[in-house]
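We count ligands from 1, going down the list as the structure has it; atoms in each ligand are counted the same way.
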Amino acid sequence: MSNIESILTETRVFEVNDDIKNSFAINAEQLAAMRAKAEQDHIGFWSDLAREKLVWSKPFTIGLDESRAPHYEWFSDGELNVSYNCIDRHLEDKADKVAIIFEGDQGDVEKYTYKELHDQVCRFANTLTAQGVKKGDRVIIYMPMIPQAVIAMQACARIGAIHSVVFGGFSAEALSDRIKDAGAKMVITTNGSRRGGKTIPLKGAVDTALEKGCDLVKKVIVYRRTDDEVPMQAGRDIDWLEAEAGMSNYHDPVAVSAEHPLFLLYTSGSTGKPKGVQHSSGGYLLNAHVTNEWMFDLQDKDIFWCTADVGWITGHSYVAYGPLSVGATMVMFEGVPTYPDAGRFWQVCQDHAVTVFYTAPTAIRALMKFGADLPKQYNLDALRLLGTVGEPINPEAWIWYHEVIGQSRCPIIDTWWQTETGAHMIAPFPITPLKPGSCTQPLPGIAAVILDEAGNELHGDEGGLLAIKKPWPSMIRTIWNDDARYKSTYFPIEGKNYYVVGDSAHRDADGYFWILGRVDDVLNVSGHRLGTMEIESALVSHPRVAEAAVVGRPHDVKGEAVAAFVVLNVDLPDGDERDALVQELRNWVSKEIGPIAKPDDIRFGTNLPKTRSGKIMRRLLRTIAKGEEITQDTSTLEDPSILEQFQKK
Ligand code: PRX
């Protein structure tokens with residue numbers, strides 16, 4: 001892949017200039033002291049931070065409990081409330097500070113102070129209780145990027161209900177699977193959402209999802225975001241504002257154990273079924289909190305904008321929880337980067353004087369294509385830090401982001417982490433010398449190592465499997481309802497409880513990490529994680545498809561594109577009919593999973609390239625998907641002529 005090749009040959013080092021360095025809360029000596037302390041006393045390091053950074057209603061005495069390893073527990077005899085930590089604790093000195101600046105798709109702006117957010121969250125927490133939601137119940141949130149999504153998440157946390165946010169771009173099918181797996185009893189949604197000038201019906205998808213055997217769901221709360229009328233089922237569906245009428249602005253937050261699940265978030269793995277990643281309350285919030293301080297240096301004067309949707313982990317740790325926990329002001333944006341034109345991100349940065357901006361490499365690559373003149377039309381002088389997340393950033397995009405958006409002044413904070421890790425794991429502090437394409441060094445208290453296939457630690461700069469050797473507070477606790485899958489997926493090495501990430505990486509002579517990509521059957525399309533098996537299952541559920549194999553191919557904006565190889569159970573049609581079938585299959589995948597999973601290419605053959613023992617030779621499919629000559633050994637193939645069929649587009 002060209003990106004990876006250029007990453008591997010990248011040698012430039014960018015020192016952060018002294019003026020910028022001096023503006024950060026943590027200096028080099030303090031960072032060195034933190035690293036030394038974490039090395040000497042891993043559990044003490046995290047425990048001291050947990051006492052210093054969070055407010056506990058019952059202090060903990062146990063740092064790490066390893067008795068159920070690899071189900072690690074942190075601060076487990078302590079109690080706290082996450083919503084209290086994000087909101088109430090700021091009321092004494094920051095009640096009138098703006099917590100959320102919201103900009104809608106159409107440019108409408110609303111602001112919520114910490115006091116206003118508190119009142120709204122309390123009212124909605126009281127509403128949830130009045131509707132029968134109790135501590136431990138699962139609640140699905142299927143909403144666009146509007147403040148009510150954060151209010152709903154915070155209200156769940158306040159009463160100890162476990163939320164599971166489902167990205168609004170997922171289909172009714174995908175939503176239904178998640179509702180059932182979580183055993184949810186309530187869904188919170190909107191009548192519709194606005195994106196890029198279009199209205200997207202969300203309630204309709206909820207109605208369809210609930211027809212598919214989600215029997216536990218008794219109530220659906222609907223916030224009206226658009227003017228569209230939607231059918232409301234009597235006894236089940238309730239309008240948000242009507243349900244909230246008369247509710248008090250006061251709610252006593254429910255103290256829960258640090259280990260009480262705060263949320264489930266479904267993510268793709270190497271099987272067809274997405275996994276419900278279960279996160280804790282105390283440990284999760286600790287890492288979400290400290291990484292907003294460490295990586296983004298959020299101080300009182302900052303305006304932070306993370307562009308991620310609340311449907312992804314980034315929107316949990318860097319929108320819904322972390323920035324509030326540190327008492328920051330943040331921007332929430334409903335729209336898309338290219339509406340009304342490709343200057344929208346820069347307009348939002350300018351209008352709200354954003355100081356710290358966090359987005360994905362795919363967005364940077366897409367906006368780079370519009371040239372440097374467009375961002376130059378906006379005043380971006382307030383920016384002091386820029387972050388990226390979700391996939392490796394190629395040096396070209398890094399340099400553009402640094403020079404054009406950051407005016408060669410702002411450091412680029414490339415944050416490596418995952419849904420399962422809860423928060424940043426390998427990332428620079430704003431004072432760290434930077435190398436474009438490297439996420440630099442593990443955070444203090446994060447014991448990242450590189451392993452060979454047999455699970456032995458590698459100490460040179462050869463590539464291998466990235467793993468985390470010691471537990472950390474915000475790590476995944478289990479896969480919802482599937483402890484066995486949790487163990488086999490993340491702790492596959494016999495006799496060693498190393499968390500194995502699923503990425504390959506290498507570490508250079510300076511100890512800098514370079515992420516090379518996934519080693520499992522997981523694709524990263526525009527920073528969205530998709531399982532090849534999930535897409536294959538969607539394709540084979542189409543009545544005309546007998547077999548399908550899906551692989552990724554490099555794509556200059558999306559990072560990876562989805563290439564599908566399909567065997568039909570009918571004769572392959574010609575001409576227009578064939579084009580219509582390709583379109584039908586793409587729409588089918590969109591209906592089964594969501595538009596993000598639509599294959600970019602679909603090729604047909606009479607069989608898949610298999611070995612005589614029936615194993616699909618995916619590496620050959622990857623070569624074909626890239627449009628390259630096949631140079632690999634094909635002697636084990638059962639029928640080499642299949643390759644020619646697939647090589648024809
Ligand atoms: O492959 C890595 C890639 O995204 C995967 C995690 O995806 P997800 O759980 O959806 O979380 C994305 C947001 C944290 C990782 O296994 N990835 C994430 N960040 C980076 C990255 N690859 C390289 N560099 C990054 N900064």
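Classification of the W305-F333 ring pair by plane angle, with boundaries at 30° and 60°, yields perpendicular. Ring pair H402/W398 is tilted by interplanar angle, where 30° to 60° counts as tilted.
Annotation: atom 5 (C) of ligand 1 to nearest protein heavy atom, R518 NH1, 4.1 Å. Atom 7 (O) of ligand 1 has R529 CD, 3.5 Å as its closest protein atom, hydrogens excluded (heavy atom only). Atom 25 (C) of ligand 1 has as its closest protein heavy atom E391 O, 3.5 Å. For atom 13 (C) of ligand 1, the nearest non-hydrogen atom of the protein is T314 OG1, 3.5 Å. Nearest protein neighbour of atom 19 (N) of ligand 1, counting heavy atoms only, is G390 N, 3.1 Å. In this structure, atom 8 (P) of ligand 1 lies nearest to the protein heavy atom T419 OG1, 3.5 Å.
Residue T388 places no N or O, backbone or side chain, under 3.5 Å from any N or O of ligand 1. Among the atoms of V501, none of the N or O lies under 3.5 angstrom from an N or O of ligand 1. The shortest N or O to N or O distance between D503 and ligand 1 is below 3.5 Å.
The atoms of ligand 1 that sit less than 4.0 Å from any heavy atom of V389 are 13 (C), 14 (C). Which parts of ligand 1 touch P392 is read off a 4.0 Å heavy-atom cut-off, strictly below it: atoms 22 (N), 23 (C), 24 (N). Ligand 1 places these atoms under 4.0 Å from at least one heavy atom of N524: 3 (C), 4 (O).
Taking each heavy atom of P375 and V404 in turn, the nearest pair found is CG-CG1, 3.8 Å. Contact record, G445 with A38: N-CB, 3.4 Å, taken as the closest heavy-atom pair. Looking at every heavy atom in both residues, Y284 comes nearest to S474 through CA-CB, 3.7 Å.
Contact check for H71 versus K487: side-chain heavy atoms found under the 4.5 Å cut-off.
For the pairing with Y499, the side-chain hydrogen bond (donor to acceptor under 3.5 Å, both in side chains) check across K469, Q418, K470 returns one residue only, Q418.
Here T415 has backbone heavy atoms under 4.0 Å from ligand 1, and that is the only part of it that gets that close. For C439, no heavy-atom contact with ligand 1 is shorter than 4.0 Å.
Centroid-to-centroid, the aromatic rings of H424 and F296 come within less than 6.0 Å. Checked against a 6.0 Å centroid threshold, the rings of F345 and F357 count as neighbours.
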